[in-house]
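Structure first, then comments.
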Amino acid sequence: ITIGIAPLNHKTINNAVEFQTIIKFTLRPVFKINCPLSQPYKIDEARRDHDPEREKEPFEPLVAELNAFPFPWLDVFAETRWDHYESDIVYADVSAGFSLERSGGRWDRFVLEYQYEEDESQFLGYRVNINLPGGFSAGTALRKELERGHTLDSAYWLDYWAQCWGLRLS
């Protein structure tokens with residue numbers, strides 16, 4: 001278990017610190033879990049005195065993550081942000097990735113993702129990348145808003161990878 005206080009790296013927050021606890025453990029040579037928990041604190045907001053009618057809110061949402069690798073071919077990621085002042089989850093992101101080993105040490109990759117943003121919407125998306133012969137691979141990605149059914153992002157690509165360089169057409 002690692003515990004520490006460090007300067008906050010978010011570009012939008014000046015003069016802030018973040019308390020972070022990272023829990024890591026391995027159950028067998030392959031199964032690994034990483035669970036960071038962080039609490040950003042805005043020092044300027046805590047010291048603010050120019051707007052006394054507005055209540056001070058120095059705590060940014062509490063961020064909890066889970067990175068799990070139960071098998072070499074499966075990974076699970078989850079992140080959630082809890083707002084202390086609204087007593088609610090303001091952001092959540094969950095994804096599962098599946099990798100299929102191919103010849104030459106290359107892996108095909110399939111990812112399914114769900115995302116929730118407060119006052120925004122809920123999103124569902126996928127990414128697929130398939131290796132082809134001769135250093136080529138092809139992929140696609142799609143992200144849809146669940147409430148209205150709108151496609152937000154879509155992409156298709158063809159990659160070529162040599163030993164020390166690559167090219168993507170999308």
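Residue numbers count from 1 along this sequence.
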List the atom pairs, donor and acceptor, that lie under 3.5 Å between side-chain atoms in residues 139-146 and the rest of the protein, sequence neighbours left out.
unit_1: T140; atom_1: OG1; unit_2: A155; atom_2: O; d: 3.1
unit_1: R143; atom_1: NH1; unit_2: D153; atom_2: OD2; d: 3.4
unit_1: R143; atom_1: NH2; unit_2: Q115; atom_2: OE1; d: 3.2
unit_1: K144; atom_1: NZ; unit_2: G149; atom_2: O; d: 3.3
unit_1: K144; atom_1: NZ; unit_2: T151; atom_2: OG1; d: 3.1
unit_1: E145; atom_1: OE1; unit_2: R148; atom_2: NH1; d: 3.2
unit_1: E145; atom_1: OE1; unit_2: H150; atom_2: ND1; d: 3.4
unit_1: E145; atom_1: OE2; unit_2: S121; atom_2: OG; d: 2.9
unit_1: E145; atom_1: OE2; unit_2: R148; atom_2: NH1; d: 2.8

Review item, side-chain donor-acceptor pairs of residues 65-77, under 3.5 Å, at least two apart:
unit_1: D75; atom_1: OD1; unit_2: R109; atom_2: NH2; d: 3.2
unit_1: D75; atom_1: OD2; unit_2: R109; atom_2: NH1; d: 2.9
unit_1: D75; atom_1: OD2; unit_2: R109; atom_2: NH2; d: 3.0

Exercise answer: donor-acceptor pairs, residues 125-134 side-chain atoms, under 3.5 Å, sequence neighbours excluded:
unit_1: N129; atom_1: OD1; unit_2: W157; atom_2: NE1; d: 2.7
unit_1: N131; atom_1: OD1; unit_2: R106; atom_2: NE; d: 2.8
unit_1: N131; atom_1: OD1; unit_2: R106; atom_2: NH2; d: 2.3
unit_1: N131; atom_1: ND2; unit_2: W107; atom_2: O; d: 2.8
unit_1: N131; atom_1: ND2; unit_2: D108; atom_2: OD1; d: 3.2

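For V90, the side-chain contact (heavy atoms from CB on, under 4.5 Å) partners at least two apart in sequence or on another chain are P61, R81, D83, E86, E118. Residues passing the side-chain contact (heavy atoms from CB on, under 4.5 Å) test with E45, sequence neighbours excluded: K42, R48, R54, K56, E57, P58. Under the ring-ring contact (aromatic ring centres under 6.0 Å, His included) criterion, Y160 pairs with F136, W165, not counting sequence neighbours. Remark: E101 engages no residue in a side-chain hydrogen bond (donor to acceptor under 3.5 Å, both in side chains) (not counting sequence neighbours). Considering only residues two or more places apart in sequence or on other chains, F59 meets the ring-ring contact (aromatic ring centres under 6.0 Å, His included) condition with Y41, H84. For S137, the side-chain hydrogen bond (donor to acceptor under 3.5 Å, both in side chains) criterion is met by no residue, not counting sequence neighbours. Looking at residues two or more places apart in sequence or on another chain, you find no side-chain contact (heavy atoms from CB on, under 4.5 Å) involving A96. Applying the side-chain hydrogen bond (donor to acceptor under 3.5 Å, both in side chains) test to Y156 and every residue at least two apart in sequence or in another chain returns nothing.
Under the 4.5 Å side-chain heavy-atom criterion for Ile, Leu, Val, Met, Phe, Trp and Tyr, Y85 and I43 are members of the same hydrophobic cluster. W82 and Y91 fall into different hydrophobic clusters, defined by Ile, Leu, Val, Met, Phe, Trp and Tyr side-chain heavy atoms under 4.5 Å apart, directly or through other members.
G97 approaches V111 most closely through the heavy-atom pair CA-CG2, 4.1 Å.
The stretch residues 160-170 participates, sequence neighbours left out, in these salt bridge (charged side-chain N to carboxylate O under 4.0 Å, His left out) pairs: D159-R168.
Atom-to-atom distance recorded for T80:OG1 and I89:CD1 is 4.0 Å, nearest 0.5 angstrom.
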(request) Please report the C-alpha distance between D93 and E113 in whole Å, then the side-chain angles of each, then the deciding distance to 0.1 Å, and finally whether the side-chain contact (heavy atoms from CB on, under 4.5 Å) criterion is met. (result) CA-CA 7 Å; D93 187 4; E113 179 180 31; 2.8 Å; yes

